[in-house]
Q: 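One structure, pasted below without further comment.
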Amino acid sequence: MDKFTTLTGVAAPMPLVNIDTDMIIPKQFLKTIQRSGLGKNLFDEMRYNPDGSEIPDFVLNQPAYRQAQIIVAGDNFGCGSSREHAPWALLDFGIRCVISTSFADIFYNNCFKNGILPVVLPPEAVAALMEDARNGANARITVDLENQTVTGSDGRSHAFEVDPFKKHCLLNGLDDIGLTLEKVSAIDSYETHAAQSRPWV
Amino acid sequence: MTDAPTATPKTLYDKIWDAHVVDRSEDGTCLLYIDRHLVHEVTSPQAFEGLRMTGRKVRAPDRTIAVPDHNVPTTAGRDTHIENEESRIQVEALDTNARDFGIHYYPVSDIRQGIVHIVGPEQGWTLPGMTVVCGDSHTATHGAFGALAHGIGTSEVEHVLATQTLIQKKSKNMKVEITGKLRPGVTAKDITLSVIGATGTAGGTGHVIEYCGEAIRDLSMEGRMTVCNMAIEGGARAGLIAPDEKTFAYVMGRPHAPKGAAWEAALAWWKTLYTDEGAHFDKVVTLRGEDIAPVVTWGTSPEDVLPITGEVPAPESFTGGKVEAARRSLDYMGLTAGTKLTDIAIDAVFIGSCTNGRIEDLRAAAEILKGRRIAPGVRGMVVPGSGLVRAQAEDEGLAQIFIDAGFEWRLAGCSMCLAMNPDQLRPGERCAATSNRNFEGRQGRGGRTHLMSPAMAAAAAVTGRLTDVRTLMAAETATA
Ligand code: SF4
């Protein structure tokens, strides 16, 4: 997993609320057995006409946002299915950070496993950054994980909260499984204990 | 907090959580032991691949159960050939992974195959007080047994395969109480949709919901599974219902349920699985059972719920970002504000899914369809949740009722719940569906989904438009 420290980039505004994982990556693209290659189908049904041509109005099709690395979104981003294909598609497109007032739990967790930082900010801050994002490539947003701030193009900083463990893993690009396997003796002893206390399991 | 003295009253969630903590870090992050890991073909290939690449094994193959469901066609011949190449590759990958890693497996050729969330309880894999995970958000279904069950992503699937644990922070406790009795024609599906209508799709975010109250107690296990199934649509990490005599009766005798002395020991513990008097909930929502009507969704979010007696709302009646979302929904759904819901004509009816693909759901739909026919021009599809549900429905004569009414009687799978398989809506087609998601394109690109109970879907099939099932029930009583 790639580390995430600081990121300065163009942010795409997506003010819609409840952007769900079916919108992020429709199910016809879940049939892959790989993690890569989903970026071209990110937001597929909003991004392309049935004949495969681009829908010019869609934000990521506009020249200013083709290189976006950040999305500023409406409330409850990533709701719906647990598909990790959603963060895989975002990442493959080049998105490393999503900013919203709230995220669905599973999506939120999945982001961290893939080097994407989901940032929760209060409505006023998201509104301000959304305005910024509307200015396209002229407005760059800086996300600093170490200091837990998002700075808009006007220089105003917004502080955000993030779980210390998740932050640590993301800053260092650490793989969860490796970390957990260091605790294998604790798992062994739990299993021994459970075999007695809940033998039917 | 969880490490408070034992005298502190605990919620059901607290109790299950505490029984599964393997390790706790200073910041409260826990390593949680996973009792059952359910696996399907769509969210697992990359996880098994990860194991292969790192030379890791499945730590507890005995606790790992796999079944293909999302991609499989629901028509005959699928056990020898799946037409869509990518689907076939995914199903074959699961076959191979199940064999290579030695986990329990129900292939399409097995009568026990079906939707993973129906197969788990049916086979007795899901038991009270367990932790159950699956790379699928509707894992919440298993919470009906008083099991802590939730969906995980593919990286977490790999983590559970390799370590049989999950890194978790505890969620908050939320109580949803449904008091009193339900009125005739009102079902578990109406409860769960009404709760989401009341709290919104983010109302449960960061919480584990415990459903309680008389109306919940009165539900069968099937109904309770329907309620918990959609906890995720309310944003919750999981839904729970305390186990009781109905739960124990359902579990007893299932293939993987404990037997003999083990059963007695299990039962003794299961009976301690309830929320203690005075335990703290961070959020409480109460609905009166009597106030719940048969409902349908009108938009493209499960929170877009209204009683069937209502009208399509005006986007301006909402606030904030929802105004734009509602406008977009109505545009997508091809609806005009002010239209009576019962005036909306449908093209298709889908009865099935992990929300409503169990035997009781098929009985409820058949009850309405008995002696009636599907409206001209409407396509109806019944997809049992498992091969065993299908067989039972055939034994009970339900299959014949569906066939006589003009429905297609399909093999088990997810089918048109998400249309990853050949069962799909065409653009613009409108469907009365018993599944759980009405997102744009969920049932096929451009397809329009109205969520409802099996009885309501059956009623819609008969009249060809969204229908208050109570009008058909009244007619039944009148002619009886
Ligand atoms: S029936 Fe639908 S919701 Fe349930 S597991 Fe299958 S696709 Fe998911």
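Note on naming: letters A, B, ... go to the chains in the order of the sequence lines (proteins, then strands), and numbering restarts at 1 for each one.
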Q: Highest number of heavy-atom pairs under 4.5 Å with chain B: which of A:R83, A:Q34, A:Q28?
A: A:Q34

Q: Would you say B:Q164's side chain and A:E191's backbone share a donor-acceptor pair under 3.5 angstrom?
A: no

Q: Considering only heavy atoms from C-beta outward, does the side chain of A:N110 approach that of B:E156 to under 4.5 Å?
A: yes

Q: Given the rule in the salt bridge (charged side-chain N to carboxylate O under 4.0 Å, His left out) test, do B:E41 and A:K31 qualify, once you have shown the distances and angles that lead to the verdict?
A: CA-CA 9 Å; B:E41 78 279 21; A:K31 293 183 177 178; over 6 Å; no

Q: Do B:Q90 and A:I33 have side chains that approach each other closer than 4.5 Å (heavy atoms only, starting at C-beta)?
A: yes

Q: With only heavy atoms counted, which part of B:S301 is less than 4.5 Å from chain A, the side chain, the backbone, both or neither?
A: side chain

Q: Could you give the distance from OG (B:S155) to CZ (A:R35), rounded to the nearest 0.5 Å?
A: 5.0 Å

Q: Please indicate whether A:K167 has more than 12 foreign heavy atoms, meaning atoms of other residues, nucleotides or ligands, lying under 6.0 Å from its NZ.
A: yes

Q: So what's closer than 4.5 Å to chain A heavy atoms on B:H70: side chain, backbone, both or neither?
A: neither

Q: Find the one option among B:T29, B:T165, B:I167 whose heavy-atom pairs under 4.5 Å with chain A are most numerous.
A: B:I167

Q: Heavy atoms, side chains only, cut-off 4.5 Å: are B:E303 and A:N18 in contact?
A: yes

Q: Side chain, backbone, both or neither: which part of A:E45 has a heavy atom under 4.5 Å from chain B?
A: both

Q: In terms of heavy-atom proximity below 4.5 Å to chain B, should A:D176 be classed as side chain, backbone, both, or neither?
A: both

Q: Between atom OG of A:S81 and atom CD1 of B:I232, what is the distance when rounded to the nearest 0.5 Å?
A: 9.0 Å

Q: Considering only heavy atoms from C-beta outward, does the side chain of B:E440 approach that of A:M23 to under 4.5 Å?
A: yes

Q: Side chain, backbone, both or neither: which part of B:T54 has a non-hydrogen atom closer than 4.5 Å to chain A?
A: neither

Q: Would you call the rings of B:W270 and A:W200 parallel, tilted or perpendicular, taking 30° and 60° as the class edges?
A: perpendicular

Q: Just give me the residue among A:L179, A:D175, A:V17, A:V184 that pairs up with chain B most often, heavy atom to heavy atom, under 4.5 Å.
A: A:V17

Q: Is it the backbone or the side chain of B:T163 that comes under 4.5 Å from a heavy atom of chain A, or both, or neither?
A: both

Q: Below 4.0 angstrom, N of the basic side chain to O of the carboxylate: do A:K113 and B:E158 qualify?
A: no

Q: Do B:R445 and A:P50 come close enough that some side-chain heavy atom pair is under 4.5 Å?
A: yes

Q: Report, as yes or no, whether the 6.0 Å neighbourhood of atom CD on A:E54 holds more than 12 heavy atoms from other residues, nucleotides or ligands.
A: yes

Q: Between B:A419 and chain A, with a heavy-atom cut-off of 4.5 Å, which part of the residue counts as in contact: side chain, backbone, both or neither?
A: both

Q: Answer yes if the side chains of A:N76 and B:T201 hold a donor-acceptor pair under 3.5 Å, and no otherwise.
A: yes

Q: Pick one of side chain, backbone, both or neither for A:K183, based on which atoms fall under 4.5 Å of a heavy atom in chain B.
A: side chain

Q: Identify which part of B:K169 has an atom lying under 4.5 Å from any heavy atom of chain A, answering side chain, backbone, both or neither.
A: side chain

Q: For A:R66, does the CZ atom have more than 12 heavy-atom neighbours from other residues, nucleotides or ligands under 6.0 Å away?
A: yes

Q: So which of B:A262, B:A202, B:G200 has the largest heavy-atom pair count under 4.5 angstrom toward chain A?
A: B:A202

Q: Heavy-atom count check: over 12 atoms from other residues, nucleotides or ligands less than 6.0 Å from B:K259 NZ?
A: yes

Q: Heavy atoms only, distances under 4.5 angstrom: which of B:I152, B:V157, B:T300 has the most pairs with chain A? Name it, please.
A: B:I152

Q: Check whether the side chains of B:T43 and A:E84 place a donor and an acceptor atom closer than 3.5 Å, and report yes or no.
A: no

Q: Less than 4.5 Å to any heavy atom of chain A: does that hold for the side chain of B:Q46, its backbone, both, or neither?
A: both

Q: Would you say B:L31 and A:Y190 make side-chain contact, with heavy atoms under 4.5 Å?
A: no

Q: Determine the option with the most heavy-atom pairs under 4.5 angstrom with chain A, choosing from B:R59, B:R328, B:H256.
A: B:R59

Q: Counting only heavy atoms closer than 4.5 Å, note whether A:Y108 contacts chain B via side chain, backbone, both or neither.
A: neither

Q: Tell me which of these, B:A93, B:S25, B:A162, B:G206, has more heavy-atom pairs under 4.5 Å with chain A than the rest.
A: B:G206

Q: Can you confirm whether B:R52 is buried at CZ, in the sense that more than 12 heavy atoms of other residues, nucleotides or ligands lie under 6.0 Å from that atom?
A: yes

Q: Are B:R237 and A:N109 close enough that some pair of their side-chain heavy atoms sits under 4.5 Å apart?
A: yes

Q: Does B:D27 pair with A:K166 as a salt bridge, N-O distance under 4.0 Å?
A: no

Q: Measure B:N84 against the heavy atoms of chain A and call it side chain, backbone, both or neither at under 4.5 Å.
A: side chain

Q: Please give me the minimum heavy-atom distance between A:S82 and B:S137, naming the atom from each residue.
A: OG-N, 3.4 Å

Q: In terms of heavy-atom proximity below 4.5 Å to chain B, should A:H85 be classed as side chain, backbone, both, or neither?
A: side chain

Q: A side-chain contact here means heavy atoms from C-beta on lying under 4.5 Å apart; do A:T32 and B:E86 qualify?
A: no

Q: Would B:T205 and A:F103 count as a side-chain contact (heavy atoms from CB on, under 4.5 Å) here? Give the steps.
A: CA-CA 8 Å; B:T205 302; A:F103 291 88; over 6 Å; no

Q: Who wins among B:M130, B:R63, B:R56, B:E324 for the most heavy-atom pairs under 4.5 Å with chain A?
A: B:R56

Q: Quick check: does any side chain N or O of B:R437 sit under 3.5 Å from a backbone N or O of A:G80, one acting as donor and the other as acceptor?
A: yes

Q: Any Lys/Arg nitrogen of B:D35 or A:R198 sitting under 4.0 Å from an Asp/Glu carboxylate oxygen of the other?
A: yes

Q: Where on A:L16 is there a heavy atom nearer than 4.5 Å to chain B: the side chain, the backbone, both, or neither?
A: side chain

